[in-house]
Amino acid sequence: MAELNNNTHHHSARLTRLAVVVPCYNEEEALSFSLTKLLELIDRMGEKQLIDAQNSCVVCSDDGSRDNTWGIISEFHARDPRVKGISLAHNRGHQYALLAGLLEALPLCDCAISIDADLQDDPEVMVEMVELFNNQGVEIVYGVRSSRASDTWFKRSTAHAFYSFQRKMGLETIYDHADYRLMSARAIELLAQYNESNLFLRGIVPQIGLKTATVTYTRHPRIAGESKYPLAKMLSFSVDGITSFTSRPLRLIFFVGIALLVLDIAMSVYVFISYFGHDTIPGWTSLMLSVWFLGSLILVALGVVGEYIGKIFNEVKNRPRFAIKEKIF
């Protein structure tokens, strides 16, 4: 017990070391601007005595980019050693890059804030997050969008439908929260104990528990480049969140089933026209509708079952979730 008290006293005696974790994938257009802005913000927080600016850092997690993202990280590191980087050997996806960055940042910090490289999530809110961590002992602070005005109507409505569907499926997530959050070192240590391959951090982090809070912000338009989350990726990510990763051949069956269901609706129009036009043999209508409808439903059901089997398949192999090719610390 004495040791715990010593640690607590030591933490309060010194300033907080902050790590800003930035997952990057083909971000050469936006990254220089973003890193400059993040370093300025760290310096400003240092002046306000919120953090230890000299021992804080920005950890860029390069998710196998094909452009000059890694080159930009290296250049910044040469100018300011507080910019650090890890390069994953393969493109593993946003969630893996983010987890890799958090785990690598853990020995260097008292808390870490994850934010996307495009800085659409307002970085100024980090000040509020750090204040909650410093003054109120909050260990997980969620950044929540106050509005989705910068999104298209379609993206806004599909996102809201996705969140409410998740709730109905029993998945605990924070409404309108992406992956912009502060986590204490203890929260990251607890996160590291979740060993699943099917990574959906927005679903895992709320399960950690600890003391949480939320801060709201307005989402900005992208400063440069294009979204790394087009509609197809968003749909795939949504399915992963509910059943919790990818088993594409099995998922294909599911989408074929959906396509057949749409075709079945079109076919039913033709069948009814034929029926009312007295252009059919008795019994043909009911036979056609039942064959098409049941066939598509069976394929949809197989696809859903396939999703879960695919996840079991990924988990039992127990392969490493990512491999770090290069590191500049």
Side-chain angles (χ1 to χ4, degrees), residues 20-25 61 63 92-103 105 111-122 125-126 129 132 138-148 150-151 155-184 186-217 219 227-246 307-308 311 314-315 321-322:
V20 181
V21 177
V22 186
C24 310
Y25 177 61
S61 181
D63 188 21
R92 294 292 287 123
H94 179 273
Q95 299 288 281
Y96 292 92
L98 177 49
L99 181 70
L102 286 169
L103 296 182
C111 65
I113 297 176
S114 52
I115 187 168
D116 287 343
D118 55 21
L119 295 195
Q120 279 189 276
D121 301 314
D122 185 3
V125 180
M126 287 185 193
M129 289 179 170
L132 284 166
V138 178
E139 303 212 46
I140 300 172
V141 186
Y142 299 105
V144 176
R145 299 169 197 178
S146 55
S147 81
R148 282 181 166 265
S150 65
D151 289 345
K155 187 165 183 182
R156 229 178 5 251
S157 49
T158 50
H160 285 153
F162 167 51
Y163 284 117
S164 54
F165 186 52
Q166 279 185 335
R167 284 278 159 83
K168 284 172 185 156
M169 292 288 119
L171 184 65
E172 188 192 345
T173 52
I174 308 298
Y175 200 75
D176 268 346
H177 162 70
D179 283 296
Y180 184 25
R181 68 179 80 86
L182 176 145
M183 294 181 77
S184 68
R186 184 163 70 131
I188 298 169
E189 280 168 10
L190 291 170
L191 176 65
Q193 292 173 26
Y194 287 76
N195 289 319
E196 58 246 59
S197 298
N198 303 302
L199 260 192
F200 185 65
L201 294 175
R202 295 175 206 184
I204 295 171
V205 174
Q207 292 180 8
I208 292 172
L210 302 182
K211 190 175 179 182
T212 64
T214 58
V215 294
T216 56
Y217 64 93
R219 192 165 158 83
S227 172
K228 304 302 180 290
Y229 264 85
L231 179 62
K233 259 195 179 178
M234 283 298 292
L235 284 172
S236 175
F237 187 55
S238 304
V239 175
D240 285 341
I242 293 152
T243 56
S244 229
F245 195 74
T246 194
E307 279 292 328
Y308 285 94
K311 283 173 175 47
N314 280 328
E315 291 291 350
R321 293 182 288 189
F322 51 81

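Thr212 places no side-chain N or O within donor-acceptor distance of the main-chain N or O of Val141, the cut-off being under 3.5 Å. Side-chain N or O atoms of Ser61 include none that pairs as donor or acceptor with a backbone N or O of Ala100 at under 3.5 Å.
Salt-bridge annotation for Asp121 and Arg219: present, with a side-chain N of the basic residue lying under 4.0 Å from a carboxylate O of the acidic one. Salt bridge Arg92/Asp63: absent, no basic N to carboxylate O contact under 4.0 Å.
In this structure, the separation between CD1 on Ile204 and CG on Leu190 is 12.5 Å, given to the nearest 0.5 Å. Considering CZ of Arg181 and OG of Ser114, their distance stands at 5.0 Å, rounded to 0.5 Å. Once rounded to the nearest 0.5 Å, the distance linking OG1 of Thr216 with CG of Asp122 reads 10.0 Å. In this structure, the separation between SG on Cys111 and CD1 on Ile140 is 12.0 Å, given to the nearest 0.5 Å. Atom CD1 of Ile113 and atom CE of Met129 lie 5.5 Å apart (nearest 0.5 Å).
Using a 4.5 Å cut-off on side-chain heavy atoms (C-beta onward), Gln120 and Tyr180 make no contact. Contact of the Ile208 side chain with the Glu139 side chain is not registered, since no non-hydrogen atoms from C-beta on lie closer than 4.5 Å. No side-chain heavy atom of Met126 sits less than 4.5 Å from a side-chain heavy atom of Tyr217. The shortest side-chain heavy-atom distance between Met183 and Leu210 does not fall under the 4.5 Å cut-off. Counting heavy atoms from C-beta outward, Phe322 and Leu103 have side chains that approach closer than 4.5 Å. Between Ile188 and Arg186, every side-chain heavy-atom pair lies at or beyond the 4.5 Å cut-off.
Closest heavy-atom contact between His94 and Asp116: NE2-OD1, 2.8 Å. Considering all non-hydrogen atoms of both residues, Gly143 and His177 come closest at O-ND1, 3.0 Å. When every heavy atom of Leu102 is checked against every heavy atom of Ala112, the shortest pair comes out as CD2-CB, 4.0 Å.
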